[in-house]
Trainee: 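One structure coming up, written as structure tokens, with questions to follow.
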Amino acid sequence: MEKSKVYELPKLPYGYGDLSPYISEEQLRIHHTKHHQAYINGANALIGKLDKARKEGVDLDMKAVSKEMSFHLAGDALHSAFWLNLAPPGKGGGGKPDGAIGVAIVKEYGSFDRFKKEFSQIAVSVEGSGWAALTYCGATDRISVMQIEKHNVNWPPDFPVLMALDVWEHAYYLDYKNERARFVDAFWSIVDWQVVDKWFKHAREYMQA
Ligand code: MN
């Protein structure tokens, strides 16, 4: 039988030290190679467990498998988006959005500053571990910011993520200790708006077709 594909850790489009001082080299390296890798490993382990159980005719706790799979796959998807949403300061990172996403933000929020404030409030107020994510709604052709708990709770299907900010403690603790708000503030200096704009256009083309 042909061997099936497995999940793999994506490479970062910049060096581990390139987002400094907003995210330090050590913080980024551990986040990518240990934490993101753990979700990849978790998803692959579950696939292996399912393959084995089917081969041996053994039953698994399918509710537990489904919950765990959702957690690991959403963790992989959000981290993969997060890395691409960032760019080194002065080399694509930071500044204000222009293009279609810039227009959509002003249309929805009135101003970039208002958007930034709401997104930051959502990110800072996640209870425990989670994410703030800018998403697109095909039904209303509007953008909205969602607060995702863990990796997969409160995230409706069919709302593609255009921009994600990881606010798990593992994302910032080495650099900012318990001061999540300082990390959220730093995020604005390394957002790659060109990527957000590109994903917005793709989502819109696909969902309005
Ligand atoms: Mn993370």
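We count ligands from 1, going down the list as the structure has it; atoms in each ligand are counted the same way.
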Trainee: So, does Asp197 use its side chain to make a donor-acceptor pair with the main chain of Gly99 at under 3.5 Å?
Mentor: no
Trainee: For the Mn ion (ligand 1), report each protein N, O or S atom nearer than 2.8 Å, sorted by chain and then by residue number.
Mentor: His31 NE2, His79 NE2, Asp166 OD2, His170 NE2
Trainee: Does one side chain, of Ser129 or Glu169, offer a donor that lies under 3.5 Å from an acceptor on the other?
Mentor: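 Side chains of Ser129 and Glu169: no pair found under 3.5 Å.
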Trainee: Less than 6.0 angstrom separating the ring centers of His170 and His31, yes or no?
Mentor: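 His170 vs His31: aromatic centres under 6.0 Å.
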Trainee: Just to verify, which of Glu26, Gln27, Glu25 counts as forming a side-chain hydrogen bond (donor to acceptor under 3.5 Å, both in side chains) with Arg29?
Mentor: Glu25
Trainee: Please confirm whether the ring centroid of Phe112 lies under 6.0 Å from the ring centroid of Trp193.
Mentor: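 Phe112 vs Trp193: aromatic centres under 6.0 Å.
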Trainee: Check whether Tyr16 and Tyr176 end up in the same hydrophobic cluster, where Ile, Leu, Val, Met, Phe, Trp and Tyr are linked by side-chain heavy atoms less than 4.5 Å apart.
Mentor: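 The answer is yes; both residues are in one hydrophobic cluster.
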